[in-house]
Amino acid sequence: MNYYAIVALQSMVAQWKGDLVNAGKYAEELITELKTTQSIRMALSSEIGSVGNTRMPMENIFALFSSRLGAKVSTVFAQADATTGSTSPFLFPNYNWLRTNLYNSAVHGSLNDARLASWFVQPNTSYPWKLSKYLFDQTRLPSDVNYRPLYESKVIGLHTIYMIAAENYASSSPAKAMEYLNLVRNTRNITTDLALSSDMTTQKIKDLIFDEMRKENIGEGIYSQNISASFGR
């Protein structure tokens, strides 16, 4: 675990304790440092659809590598081209609900969201939608430089650090909170910024951050309750 991961963990621990000031302080320290070094950076919206970039590995601050990840994932998520209508023993997303109420929400959503376009697949209309976020060609080995990032499982990502900072700024500097929120949205190909209107309360900003975290972490084993506990819901 390097310096970046330690500072990120300090930020997350402070957030879990409810100490948003220190959570924001550590998050901002990391954001400022990485703006200079660019050793870890937010993805470009054009990169997400590329081989190896599905889960934005360039944003990984701390990740676990497993050469068996593809095999393990295939026991949980049905393959993209599988034409089975049964949900057993696989996990299937409630795609229509997620599309309408989260990714394309009238408040903050967009059909241009690269995650909506890249992380869900339906072989044809006779079969259910599948979460393809973790699926990849298992014949391609980690030794293949283009596929190696797909064997990484994110533990801490830069997206989360920006959202921790934004949560702290929600009350002390709403404009800064919205700046960070729009920054991460732009990297996901959402080009319409959220406006800081006169009725944008601290809680409304936190609600936007909460939903952004839900969009980002689908399929990663992070329950909404965990995100809720972290992000003040």
Side-chain angles (χ1 to χ4, degrees), residues 1-6 8-9 12 30 34 39-84 86-95 98 102-103 113-123 127-164 184 187-189 212-227 230:
M1 182 174 281
N2 62 16
Y3 158 73
Y4 298 136
I6 291 171
L9 191 57
M12 295 175 73
L30 188 54
L34 290 175
S39 54
I40 301 167
R41 60 175 178 82
M42 295 300 294
L44 303 175
S45 59
S46 59
E47 293 178 311
I48 297 177
S50 303
V51 172
N53 289 336
T54 306
R55 300 190 304 276
M56 291 77 81
M58 67 289 292
E59 299 179 8
N60 289 347
I61 296 171
F62 184 66
L64 300 176
F65 175 87
S66 172
S67 60
R68 299 179 60 198
L69 182 62
K72 290 182 177 295
V73 165
S74 66
T75 67
V76 179
F77 300 113
Q79 291 300 307
D81 59 353
T83 53
T84 174
S86 172
T87 59
S88 179
F90 303 111
L91 297 178
F92 284 74
N94 187 345
Y95 174 79
L98 290 168
L102 185 61
Y103 290 97
D113 193 321
R115 296 165 294 195
L116 181 65
S118 300
W119 289 353
F120 300 90
V121 64
Q122 185 183 38
Y127 300 99
W129 283 86
K130 302 175 179 66
L131 182 66
S132 57
K133 183 179 182 180
Y134 271 94
L135 302 178
F136 58 93
D137 183 356
Q138 295 182 43
T139 66
R140 306 301 291 265
L141 302 177
S143 55
D144 186 327
V145 67
N146 292 320
Y147 277 80
R148 184 176 177 82
L150 292 172
Y151 288 89
E152 292 184 9
S153 184
K154 178 189 70 180
V155 178
I156 306 174
L158 187 55
H159 177 284
T160 296
I161 298 304
Y162 268 101
M163 292 299 89
I164 291 175
V184 299
T187 68
R188 295 339 185 219
N189 202 38
E212 174 58 33
M213 286 294 294
R214 290 172 65 205
K215 294 176 189 178
E216 186 72 11
N217 290 288
I218 188 168
E220 297 195 12
I222 302 176
Y223 293 107
S224 291
Q225 292 94 325
N226 297 122
I227 298 175
S230 297

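Since we're looking at a predicted model, the values are computed, not measured. For this chain, numbers begin at 1 and follow the sequence in order.
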Give a yes or no on whether the backbone of L44 and the side-chain of E47 come within a donor-acceptor separation of less than 3.5 Å.
yes
Would you name the heavy atoms of I48 and A43 that are closest together and state the gap between them?
CG1-CB, 4.5 Å
Straight-line distance of L135 CG to K130 NZ, nearest 0.5 Å
9.5 Å
Is the shortest heavy-atom distance from the side chain of F120 to the side chain of L131 under 4.5 Å?
yes
Is it true that K154 and E59 make a salt bridge, defined as a side-chain N closer than 4.0 Å to a carboxylate O?
no
Side chains of P57 and R148: does their closest heavy-atom pair fall under 4.5 Å?
no
Here the pair of heavy atoms bringing G52 nearest to P149 is O-CB, 3.4 Å
Point-to-point distance, once rounded to the nearest 0.5 Å, from OH of Y147 to CD of Q138
11.5 Å
Does a side-chain heavy-atom distance below 4.5 Å link H159 with K215?
no
Kindly indicate, with the supporting measurements, whether the criterion side chain to side chain contact (heavy atoms under 4.5 Å, CB included) is fulfilled by I218 and Y103.
CA-CA 11 Å; I218 188 168; Y103 290 97; 3.2 Å; yes
Short N-O contact, R188 and E216, less than 4.0 angstrom:
yes
Worked verdict on R115 versus N189 for side chain to side chain contact (heavy atoms under 4.5 Å, CB included):
CA-CA 9 Å; R115 296 165 294 195; N189 202 38; over 6 Å; no
For the atom pair CD (Q122) and OG (S132), what is the distance rounded to the nearest 0.5 Å?
11.5 Å
Closest heavy-atom pair, Y151 versus S67, reported as atoms and distance to 0.1 Å, is CE2-O, 3.4 Å
Are any non-hydrogen side-chain atoms of L34 and L158 less than 4.5 angstrom apart?
yes
Shortest non-hydrogen contact from A5 toward I156
O-CD1, 4.4 Å
Using side-chain heavy atoms (C-beta onward) and a distance below 4.5 Å, is M1 in contact with L9?
yes
Please report the C-alpha distance between I40 and Y4 in whole Å, then the side-chain angles of each, then the deciding distance to 0.1 Å, and finally whether the side chain to side chain contact (heavy atoms under 4.5 Å, CB included) criterion is met.
CA-CA 9 Å; I40 301 167; Y4 298 136; 3.8 Å; yes
Distance (rounded to the nearest 0.5 Å) between R214 CZ and L102 CG:
5.0 Å
Evaluate the ring planes of W129 and Y95, with Trp represented by its six-membered ring, and classify them as parallel (under 30°), tilted (30 to 60°) or perpendicular (over 60°).
parallel
Taking the side chain from W119 and the backbone from T54, do they hold a donor-acceptor pair closer than 3.5 Å?
yes
Atom CG of N146 and atom CG of N53: how far apart are they, to the nearest 0.5 Å?
9.0 Å
On a heavy-atom basis, the closest approach of F90 and F77 is CD2-C, 3.7 Å
Could you tell me whether a side-chain N or O of K133 sits under 3.5 Å from a main-chain N or O of G219, the two making a donor and an acceptor?
no
Going through the distances and angles, do V155 and L64 end up as a side chain to side chain contact (heavy atoms under 4.5 Å, CB included)?
CA-CA 7 Å; V155 178; L64 300 176; 3.8 Å; yes
Polar side-chain atom of S118 near backbone of A114 as donor-acceptor pair, under 3.5 Å
yes
Using every non-hydrogen atom in the two residues, find where R55 and Y134 come nearest and quote the distance to one decimal.
NE-CE2, 3.5 Å
